[in-house]
Every structure is written in structure tokens, then in C-alpha cells.
Amino acid sequence: MLEKSISQAVEKGEMLPLMEEFYTIQGEGSHTGKAAYFIRVGGCDVGCHWCDVKESWDPEKHPPTAVDAIVANAAKYSKTIVVTGGEPLTWDMGGPLTTGLKSEGMQVHIETSGAYPLSGSWDWICLSPKKMKMPLPEVYEAAHELKVIIFNKHDFAFAKAEAEKVSSNCKLYLQPEWSVREKMIPLITEFVMDNPEWHVSLQTHKYLNIP
Ligand code: SF4
């Protein structure tokens, strides 16, 4: 395909810069422990200094891949799909990707910072807000789960302020940033016991040594 037609296909959501796709166990948040097929899309300009997938940031490093092929591949593995990144909402998720996945009868989840307009049709939206590029109001309203990463003690106040913006039935999670987990887990434990509307989320896939 010519370069121009590839960039047009990416613009329409017919192709996406695919970083990796893999079948594993969801390690975080409300669906922890569930087998799921992950589709990791490249491209993110949010710039979290502790990001553990910095290789995802530059979309040019990931091959534009036909969405039909992504859907067909996913269908071989699981009925639960997690679209992650990078920041998936950088791209049009409302085109063939979520339409295709749902037409195969799949439950489609997204992990997003909410920094870009919400596109696509989702069964589960996990919003993980970042201070550097705050979520758009429409994503707060639609989120099923708010997952705040705790890197230092100031993040608890941020988490409380973010919880004010989501719907009343949105589930609330605090997750220690992996490199500081030993320091933050005692603080998170204490916070959740004092504020039981919150739950602890751990990156259990890392403890299990799986992707
Ligand atoms: Fe990394 Fe996610 Fe932050 Fe983007 S939003 S920099 S992918 S942690």
C-alpha cells in the first residue's frame, strides 16, 4: 500500500499501529484474574515519567496493521478483549475495530488516560487519569472503573479529586506504581481501610511473571 493510502487508512481507523497482541490474564483492576486477549496500540503523547511502556509512545515504530486482521486474530483466542496502549484513543476506535470485535460477540474493554475524545463502543472503560494531560469530561462520565496510579503521597489527593468527577457507580481503584510498590503499598492499604469505597489494584501479571 502507498504511504498516503496507509495514513488515510490509519486516520479512518481501518489500520492501527500495532505494537503487540497477546493472550494472557488481566492483572489489574476490576477484571483481575480474567483471561483476556490484549491488543496494544502504539502512540501516546501523555508523557508519564514512570511509564512502563515507553516503547509504545512513537507510533512510527509500530507497523500499521489492518484492523480486520487484528479482529480475526483476536477471535482465535478469547471472548474478552482489552485494548490498551500507548493511548488507544489517539486513534479512531469507533471504526472497524470495536465494531468488528463486537460483531464476533466479544466483550471489549479499553484502558485509557481519557486524554482524547472517546470513540468506539465499549463494554468496560477503565480510566486511568494522568496529571500531565487530564481526561476529557465525556470519558469521566462513561468510565466503569477509575484506576489511579500512586507514585507518591500527593497522588491520594489527586485520586480523591478525580473520584468526584466520575459517575456514582464507577468502581474506584488505587494501584501502586511498580517501581515504588514496596513504599506505597502500606500507604494504599491504610487509605483503602479508611476510605472503603476504594479498592486495591496490583499488577498481578507482574507477580505471576506473565505479559
Ligand atoms: Fe505510558 Fe499510559 Fe502514561 Fe501514555 S498514558 S505515557 S502509555 S502510562
Side-chain angles (χ1 to χ4, degrees), residues 10 13 16-22 24 26-32 36-65 70 81-93 97 108-120 122 124-140 142-152 154-156 158-159 161-163 165-166 170-181 183-185 188 200-207 210-211:
V10 171
L16 290 168
L18 181 66
M19 179 174 164
E20 55 180 349
E21 44 186 347
F22 49 93
T24 188
Q26 167 62 284
E28 305 180 2
S30 210
H31 292 278
T32 295
Y37 191 75
F38 277 65
I39 298 170
R40 189 184 301 285
V41 183
C44 183
D45 66 357
V46 174
C48 308
H49 65 90
W50 42 257
C51 178
D52 59 0
V53 277
K54 288 191 170 124
E55 326 81 81
S56 71
W57 290 6
D58 182 357
E60 301 291 321
K61 292 195 174 142
H62 308 292
T65 306
I70 298 174
I81 309 298
V82 180
V83 180
T84 187
E87 172 44 69
L89 293 180
T90 306
W91 314 102
D92 179 5
M93 296 279 121
L97 184 67
V108 191
H109 303 189
I110 185 172
E111 306 264 339
T112 179
S113 67
Y116 289 97
L118 188 57
S119 55
W122 305 100
W124 195 262
I125 297 173
C126 172
L127 170 63
S128 186
K130 306 295 175 344
K131 292 174 195 160
M132 288 73 69
K133 212 171 175 102
M134 292 291 283
L136 300 179
E138 69 205 60
V139 193
Y140 287 115
H144 299 94
E145 171 182 349
L146 177 74
K147 184 173 69 191
V148 179
I149 310 303
I150 301 295
F151 182 77
N152 60 39
H154 304 295
D155 292 328
F156 291 102
F158 175 66
E162 290 301 276
K165 302 174 192 171
V166 293
C170 181
K171 297 191 168 193
L172 307 177
Y173 287 89
L174 297 178
Q175 180 173 294
E177 196 280 320
W178 183 252
S179 68
V180 292
R181 64 192 182 283
K183 204 165 143 202
M184 288 302 135
I185 283 174
I188 292 173
V200 178
S201 170
L202 299 173
Q203 292 182 294
T204 51
H205 54 294
K206 293 191 178 178
Y207 290 100
I210 55 174

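Numbers for residues simply follow the sequence, beginning at 1. The structure presented is a predicted model; accordingly, all values stated were derived computationally and were not measured. Both counts, for ligands and for their atoms, begin at 1 and track the order of listing.
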Inset, instruction - Determine, stepwise, if the pair Y140 / M134 fulfils side chain to side chain contact (heavy atoms under 4.5 Å, CB included). - result: CA-CA 10 Å; Y140 287 115; M134 292 291 283; 3.6 Å; yes
Inset, instruction - With side chain to side chain contact (heavy atoms under 4.5 Å, CB included) as the test, would you mind laying out the steps for E111 and Q26 before giving the verdict? - result: CA-CA 11 Å; E111 306 264 339; Q26 167 62 284; 3.1 Å; yes
Inset, instruction - Would you name the heavy atoms of S30 and Y173 that are closest together and state the gap between them? - result: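 For S30 and Y173, the tightest heavy-atom pair comes out as CA-OH, 3.2 Å.
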Inset, instruction - Examine all N, O or S atoms of C51, backbone included, and report whether one is under 2.8 Å from atom 1 (Fe) of ligand 1. - result: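 It does; at least one qualifying atom falls short of 2.8 Å.
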Inset, instruction - Check for a donor-acceptor pair, side chain of W91 on one end and backbone N or O of G42 on the other, with a separation under 3.5 Å. - result: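 Flag set: sc W91 to bb G42 pair under 3.5 Å.
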Legend entry - For W178, the option from Y207, F151, W50 that meets ring pair (Phe, Tyr, Trp, His ring centres under 6.0 Å):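 The single option meeting the ring pair (Phe, Tyr, Trp, His ring centres under 6.0 Å) with W178 is Y207.
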List every atom of ligand 1 that sits less than 4.0 Å from any heavy atom of [X], numbering the atoms from 1 in the order shown and giving each element.
{"X": "G47", "value": "6 (S)"}
{"X": "W57", "value": "1 (Fe), 6 (S)"}
{"X": "G86", "value": "7 (S)"}
{"X": "C44", "value": "4 (Fe), 5 (S), 6 (S), 7 (S)"}

Inset, instruction - Examine the proximity of ligand 1 to C48 and report which part, side chain or backbone, both or neither, has a heavy atom under 4.0 Å away. - result: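 Both backbone and side chain.
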